[in-house]
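All residue numbers in this chain count up from 1 along the given sequence.
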Amino acid sequence: MRGCHCFVIAVAVFLLAGGRSFSWPAWQSNVSKEAPGDFPPPRALHATYVFGWAGITAATADIRFSRISQDRFQLQGVGRTTGFARALWRYDVNLTAVANASTLRPIETTQAETARSKKVTTHLVFSNNGVSRARTEGPGAGTTKTKEFNFPNLYDLHSAMLYLRSQPLTEKSVRRVVVYPATSAYLATATVAGREKISTRAGSYDAIKLDLQLKRVGKDLDLQPHRKFRRGTIWISDDPDRLILRIEAQIFVGTIFAELYSVHFNDVKP
């Protein structure tokens with residue numbers, strides 16, 4: 001999506017030192033190679049989302065999207081569990097993601113998570129050839145581990161949605177992108193399933209319905225089933241803003257959701 005929030009979504013060639021080489025994976029030819037579409041870029045906004053399962057709200061997120069310079073988009077998010085869910089599992093997360101405004105490719109992403117007393121910070125730096133990851137875990141300064149994943153034209157969640165949003169999204173059209181959200185790469189397949197009207201806490205919208213499927217990209221670039229995610233659906237507003245309205249995902253514990261609670265646009269130039 002060329003804009004708002006979040007949620008969701010590989011391409012590659014892999015050469016391993018030490019004399020072993022791997023041929024291009026067969027699935028790579030199906031990855032979308034279309035350039036960013038002509039759909040207008042998103043407006044600066046401040047949105048709130050609620051999360052939960054079985055109709056029960058368990059968490060909230062505060063999202064701010066803006067164009068911080070002529071060539072950079074930025075997404076900032078703060079999320080936390082709430083109510084009864086927080087009594088069971090105290091979780092807080094802060095996310096900052098920066099993408100190139102022309103190519104819609106990711107530049108860097110920083111995510112800081114705190115679950116009870118444990119803090120994990122993940123910093124991703126993207127290039128044309130892949131991503132460099134630094135992950136720090138533990139109380140205090142913690143221990144930092146680094147990892148390189150060499151795979152051209154990766155997306156993070158923010159830039160993947162920016163890209164999908166920019167496309168025409170005609171009936172039954174399919175886009176496949178490789179996403180590196182935090183620790184692993186996934187092949188995300190988004191199919192336009194139709195158009196319908198939906199109601200959210202923020203109001204009623206004409207929406208584009210997307211079917212989402214994920215496959216994990218293994219270390220040898222083989223595709224593997226996602227161990228927790230089974231299937232997902234994303235509704236995007238069918239208007240010039242193309243907001244993420246609702247996400248439903250079938251996972252190992254049942255169906256979870258994220259839904260737009262409120263949105264405010266700020267058209268002031270940076």
Side-chain angles (χ1 to χ4, degrees), residues 1-17 21-37 65 71-77 95-113 120-135 145-167 174-191 210 212-229 232 234 244:
M1 197 170 162
R2 211 175 179 177
C4 165
H5 175 213
C6 113
F7 180 95
V8 156
I9 312 201
V11 142
V13 84
F14 187 129
L15 216 44
L16 187 63
S21 63
F22 295 86
S23 60
W24 293 62
W27 57 265
Q28 184 184 5
S29 62
N30 294 323
V31 172
S32 298
K33 299 176 177 61
E34 292 86 351
F65 172 83
D71 61 350
R72 291 194 175 195
F73 289 133
Q74 179 176 269
L75 179 75
Q76 294 178 301
L95 171 72
T96 300
V98 179
N100 185 292
S102 299
T103 65
L104 304 187
R105 293 292 181 183
I107 296 173
E108 65 176 333
T109 302
T110 301
Q111 178 175 289
E113 305 167 86
V120 179
T121 301
T122 305
H123 184 220
L124 307 176
V125 177
F126 293 86
S127 68
N128 292 334
N129 299 318
V131 61
S132 175
R133 188 195 81 195
R135 191 170 174 87
K145 296 181 179 180
T146 60
K147 178 181 179 181
E148 302 285 335
F149 186 72
N150 297 319
F151 205 77
N153 301 324
L154 286 172
Y155 290 91
D156 64 356
L157 289 177
H158 172 223
S159 58
M161 293 307 298
L162 285 171
Y163 173 76
L164 289 175
R165 178 193 176 279
S166 78
Q167 299 300 304
V174 179
R175 292 292 183 270
R176 295 180 178 88
V177 295
V178 182
V179 185
Y180 197 98
T183 59
S184 299
Y186 297 88
L187 174 65
T189 302
T191 304
L210 301 175
L212 177 65
Q213 298 185 39
L214 296 177
K215 293 286 187 180
R216 186 176 182 273
V217 180
K219 65 179 181 179
D220 295 335
L221 300 188
D222 54 319
L223 294 183
Q224 305 168 358
H226 196 299
R227 289 179 293 179
K228 297 180 179 180
F229 179 92
I234 304 173
I244 294 180

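The shortest non-hydrogen separation linking Thr96 to Gln74 is CG2-OE1, 4.0 Å. Val31 and Arg176 get closest at one heavy-atom pair: CG1-O, 3.4 Å. The shortest heavy-atom contact between Gln224 and Asp222 is NE2-OD2, 3.1 Å. The two residues Arg133 and Leu124 have their closest heavy-atom pair at CG-CD2, 3.3 Å. Listed here is the closest heavy atom pair of Pro106 and Phe126: O-CB, 3.4 Å. Closest non-hydrogen pair, Ser159 versus Ala99, comes out as CB-CB, 4.3 Å.
Here Leu104 contributes atom CG and Leu164 contributes atom CG; the two are 10.0 Å apart, rounded to the nearest 0.5 Å. Rounding to the nearest 0.5 angstrom, the gap separating the CD atom in Glu113 from the OG1 atom in Thr121 is 8.5 Å. Between the CG atom in Leu187 and the CD atom in Gln28 there is a gap of 10.5 Å [rounded to 0.5 Å]. Note that CD1 of Ile107 and CG of Asp156 are 10.0 Å apart. Values are rounded to the nearest 0.5 Å. Residue Thr189 holds its OG1 atom at 12.0 Å from CG of Leu210, rounded to the nearest 0.5 Å. Atoms NZ and OG, from Lys147 and Ser184 in turn, are 5.5 Å apart once rounded to the nearest 0.5 Å.
Arg216 CZ: more than 12 foreign heavy atoms inside a 6.0 Å radius. The neighbour count for Lys33 NZ, taken as heavy atoms of other residues, nucleotides or ligands under 6.0 Å away, is above 12.
Considering only heavy atoms from C-beta on, Arg175 comes within 4.5 Å of Glu34 through its side chain. Looking at heavy atoms from C-beta onward, His158 lies out of side-chain contact with Thr109 at the 4.5 angstrom threshold. Side-chain contact check for Arg105 versus Tyr155: some heavy-atom pair is nearer than 4.5 Å. Counting only heavy atoms from C-beta outward, the side chains of Leu95 and Thr110 never approach each other to under 4.5 Å.
With no hydrogens or angles considered, a side-chain donor-acceptor pair links Thr122 and Arg135 at under 3.5 Å.
Ring geometry for Phe149 versus Tyr180: interplanar angle of 30 to 60°, hence tilted.
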